[in-house]
Chemist: 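Below is the structure I would like to discuss, written out as structure tokens.
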Amino acid sequence: MPDDSLKVNSNAKGRDANSYDAIVIGSGISGGWAAKELCEKGMKTLVLERGRNIEHIKDYPTMNKAPWEFKNRRAMTKEILKENPLISKAAGYAEDTAHFFVKDKDHPYVQEKPFDWIRGYQVGGKSLIWGRACARWAETDFTAPARYGYGIDWPIRYNDIAPWYSHVERFIGVCGVKEGIETMPDGEFLEGYELNCVEQHLKDVLWEKFKRYYASGRWAQVTDPNEIQKKQGRYCLNRNLCMRGCPFGGYFSSVTSTLPWAKETGNLTVQPFSVVHSVIYDDKKAKATGVRVIDANTKKATEYFADIIFVNASALNSNLILLNSTSNRFPNGLGNDNGLLGKYICHHNYRAGCGGTFEGYRDKYYKVGKPAECIIPNFRNVHNQDTDFVGGYVIFSGAYREKLSERGLSSTIGADFKKAVSEPGGWGAYMYMQGETIPKERNHVRLSRDQTDQWGIPLLITSVDYVIMTIRW
Ligand SMILES: Cc1cc2nc3c(=O)[nH]c(=O)nc-3n(C[C@H](O)[C@H](O)[C@H](O)COP(=O)(O)OP(=O)(O)OC[C@H]3O[C@@H](n4cnc5c(N)ncnc54)[C@H](O)[C@@H]3O)c2cc1C
């Protein structure tokens, strides 16, 4: 039913003052893009972001710090890990990046089954902390559910989306090497990263023995900026400190790329500390007309209006907002006539990995680290069901010269330490898998009936788990 509990002081300034051509909820990867496209089309666009503002460079407090300038050498203390048992599991969460992740106690949710919901609430959202892997889907990914009868057939195919991949790649900057691989199509690449000698060795051996590709990965790093990326003032110095926020805009984030571009048009308003409670549905007009917002600090409620509303609050928060958008017409959430809102949650699993050392190539070096990895594109179940599971996986991989800690030398001091750091370690290599999970109706999120957050919004209940689906022959 409509939520009457909100006391809305909305129109202190009048409805017109709170009206825009378009409203975008969330300023992360997708919200930044929506804002850029809308502003470029001449629409006055309001971006509502629940977190604080992040200004490029100014709000990257750790961007230039050396390891010894961190109190705990980038490690997390036992206290912080105890206070943040969930978010501290996120890839890349450390002393130098923690400021771009939420704190567990501030943003609770109910785990009906164990589920790690990783969030970054700030202008830029998770675009500040993402891993930047940016490979295209292939035709075989779009056709797999129909081919093997799992999930739901995609209503589009690769050719429908390929021009949009190009549109995005040309703007954000994606590096890669064109290799003509069926399961990882080529794109509009900037210069790709070279493989080091052990990676090249892996490439050669994997092809020779298994006919599998080992390719330079596709990453949203501006290795040799085109004119559009130069206009954005971006270039990558291979510092490999991306998740701290990059003063050079070396990787794509909304804060370095789409939002400043949108701002240049004069059509953009970004409003931080604005927690969207729900979308307003007008029964008479039979359409969504605005959003209800709660000020994150004062808890005051305000309404904003627009003809176009984009919900870009990330997958689970977008579901939360829509489920919370109840009206006489949609008592179970906006557009939720079929009851599927919040269902079929699926994501990647990273359950397999391995590492090892490599004898040889002791006389070969590399000069700079690269903020990128190699990739073994999916080779499973591509045209035929060749395993006892459905879906596929890719493997990320890389090779490196071992650090002191990996050589058991971290506690050396004095002359021994100087000697140890002056000699490169042996070669190490790793692989980890990113697996597809299959959409299932029972994997769902829903709203709590009796628990709310500090803004009076129902807590999200996550009921998501993995069950390996096998096909019996
Ligand atoms: C550690 C890590 C590494 C990753 N690596 C990769 C990778 O290598 N490649 C890849 O493709 N993907 C990667 N991802 C996933 C990727 O970051 C997300 O898919 C992407 O950010 C989703 O974009 P989005 O705009 O939907 O959400 P987000 O980027 O999360 O942005 C959502 C925004 O909405 C705001 N918001 C939420 N609720 C509300 C509300 N009620 N009102 C107002 N604002 C709200 C949030 O604060 C946030 O700013 C990674 C994610 C993590 C956590």
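Quick note: residue numbers are just sequence positions, from 1. The model shown is predicted, which means the values in this text are computed figures rather than measured ones. Counting starts at 1 for both ligands and their atoms, following the listed order.
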Chemist: Which one holds for Val276 and ligand 1: side chain close, backbone close, both close, or neither close, with close meaning a heavy atom under 4.0 Å?
Modeler: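 Both backbone and side chain.
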Chemist: Check whether Phe379 forms a cation-pi arrangement with Arg212 (NZ or CZ under 6.0 Å from the six-membered ring centre, at most 45° off the ring normal).
Modeler: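 Relative to the ring axis of Phe379, which defines the angle, Arg212 lies inside both limits.
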Chemist: Measure the distances from the heavy atoms of Gln122 to every atom of ligand 1 and state whether one is below 4.0 angstrom.
Modeler: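 For ligand 1, residue contact (heavy atoms, under 4.0 Å) with Gln122 is present.
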Chemist: Could you list the atoms of ligand 1 found under 4.0 angstrom from a heavy atom of Ile321?
Modeler: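 Reading through ligand 1 atom by atom, the close ones are 40 (C), 41 (N).
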Chemist: Measure the distances from the heavy atoms of Ala90 to every atom of ligand 1 and state whether one is below 4.0 angstrom.
Modeler: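 It does not, in that no heavy atom of Ala90 comes within the 4.0 Å cut-off of ligand 1.
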Chemist: Examine distances only and state if a side-chain atom of Thr62 and a backbone atom of Lys65 form a donor-acceptor pair shorter than 3.5 Å.
Modeler: no
Chemist: Under 4.0 Å, heavy-atom basis, I'd like to know which part of His277 is in contact with ligand 1: side chain, backbone, both or neither.
Modeler: neither
Chemist: Establish, yes or no, whether the cationic atom of Arg239 lies under 6.0 Å from the six-membered ring centre of Phe248 and within 45° of the ring axis.
Modeler: no
Chemist: Identify, by atom number and element, the atoms of ligand 1 in contact range of Ile29, meaning under 4.0 Å from any of its heavy atoms.
Modeler: 20 (C), 21 (O), 23 (O), 25 (O), 29 (O)
Chemist: For the backbone of Val168 and the side chain of Trp33, can you confirm whether one donor and one acceptor N or O come within less than 3.5 Å of each other?
Modeler: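 Not a single qualifying donor-acceptor pair exists.
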Chemist: Taking 4.0 angstrom as the limit, do Lys36 and Glu40 come out as a salt bridge?
Modeler: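 Salt bridge between Lys36 and Glu40, a charged N being under 4.0 Å from a carboxylate O: yes.
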Chemist: Starting from atom 18 (C) of ligand 1, what is the nearest protein heavy atom, named by residue and atom, and what distance separates them?
Modeler: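 I find the closest protein heavy atom is Lys126 CE, 3.8 Å.
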Chemist: Would Ala91 count as a contact residue for ligand 1, given that I'm defining contact as a non-hydrogen atom of the residue lying under 4.0 Å from a ligand atom?
Modeler: yes
Chemist: A cation-pi test, strictly: NZ or CZ of Arg119 under 6.0 Å from the centre of the six-membered ring of Trp117 and no more than 45 degrees from its axis. Yes or no?
Modeler: yes
Chemist: Going by heavy-atom distance to atom 27 (O) of ligand 1, choose the closest among Ser314, Gly217, Gly51, Ser278.
Modeler: Ser314
Chemist: Considering only the protein, which heavy-atom contact is closest to atom 49 (O) of ligand 1, and what is its distance?
Modeler: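 Closest protein heavy atom to atom 49 (O) of ligand 1: Glu49 OE1, 2.5 Å.
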Chemist: So which atom in Leu460 and which in Tyr109 form the shortest heavy-atom distance, rounded to 0.1 Å?
Modeler: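 So the two residues come closest at O-CB, 3.4 Å.
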Chemist: Counting heavy atoms only, which part of Ser274 comes closer than 4.0 Å to ligand 1: side chain, backbone, both or neither?
Modeler: backbone
Chemist: Pull out every atom of ligand 1 sitting under 4.0 Å from any heavy atom of Gly26, numbered as shown with elements.
Modeler: 33 (C), 34 (O), 35 (C)
Chemist: Just go through Ser27, Gly131, Ala133 and tell me whose heavy atom is the nearest to atom 11 (O) of ligand 1.
Modeler: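 Looking at heavy atoms only, Ala133 sits closest to atom 11 (O) of ligand 1.
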Chemist: Counting non-hydrogen protein atoms only, what is the nearest one to atom 31 (O) of ligand 1? Give residue, atom name and distance.
Modeler: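 Of the protein heavy atoms, Gly28 CA, 3.2 Å lies nearest.
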Chemist: Could you walk me through whether Phe273 and Tyr121 pass ring pair (Phe, Tyr, Trp, His ring centres under 6.0 Å), step by step?
Modeler: CA-CA 10 Å; Phe273 297 120; Tyr121 288 168; over 10 Å; no
Chemist: If you count the atoms of ligand 1 from 1 in the order shown, which ones are under 4.0 Å from a heavy atom of Gly125?
Modeler: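 Within the 4.0 Å cut-off of Gly125, ligand 1 contributes 48 (C), 49 (O).
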Chemist: Near Glu194 CD, under 6.0 Å, is it more than 12 heavy atoms from other residues, nucleotides or ligands?
Modeler: no
Chemist: Heavy-atom distances under 4.0 Å decide this one: backbone, side chain, both or neither, for Asn312 against ligand 1?
Modeler: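 It is the backbone that gets close, since no side chain atom is under 4.0 Å.
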Chemist: Applying ring pair (Phe, Tyr, Trp, His ring centres under 6.0 Å), run through Trp137 and Tyr158 and close with a yes or a no.
Modeler: CA-CA 7 Å; Trp137 271 32; Tyr158 178 75; over 10 Å; no
Chemist: If the test is side chain to side chain donor-acceptor pair (under 3.5 Å), which one of Asn267, Thr269, Thr265, Asp21 qualifies with Lys44?
Modeler: Asn267
Chemist: Take Trp261 and Phe171 through the test ring pair (Phe, Tyr, Trp, His ring centres under 6.0 Å) and record every step on the way to the result.
Modeler: CA-CA 10 Å; Trp261 193 269; Phe171 186 82; 5.0 Å; yes
Chemist: Return the residue, atom name and 0.1 Å-rounded distance of the protein heavy atom closest to atom 2 (C) of ligand 1.
Modeler: Ile129 O, 3.8 Å
Chemist: Would you mind checking which non-hydrogen protein atom is closest to atom 14 (N) of ligand 1, with the distance to 0.1 Å?
Modeler: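 Result: Trp130 CB, 4.1 Å.
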Chemist: Run the numbers for me: atoms of ligand 1, each under 4.0 Å from some heavy atom of Ile118, listed by number.
Modeler: 53 (C)
Chemist: Suppose we measure from atom 24 (P) of ligand 1 to each protein heavy atom; which comes out shortest, and what is that distance?
Modeler: Ser30 OG, 3.5 Å
Chemist: So, using side chain to side chain donor-acceptor pair (under 3.5 Å) as the criterion, who are the partners of Asp337 when residues are at least two apart?
Modeler: Arg329
Chemist: As an exercise, identify every atom of ligand 1 less than 4.0 angstrom from a heavy atom of Leu48.
Modeler: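 Contacts of ligand 1 toward Leu48, numbered from 1: 43 (C), 44 (N).
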Chemist: Identify, for atom 39 (C) of ligand 1, the protein heavy atom at the shortest distance, and state residue, atom and that distance.
Modeler: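 Heavy-atom neighbour on the protein nearest atom 39 (C) of ligand 1: Arg50 CD, 3.5 Å.
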Chemist: Ignoring hydrogens, tell whether any protein atom lies closer than 4.0 Å to atom 20 (C) of ligand 1; use the non-hydrogen atoms only.
Modeler: yes
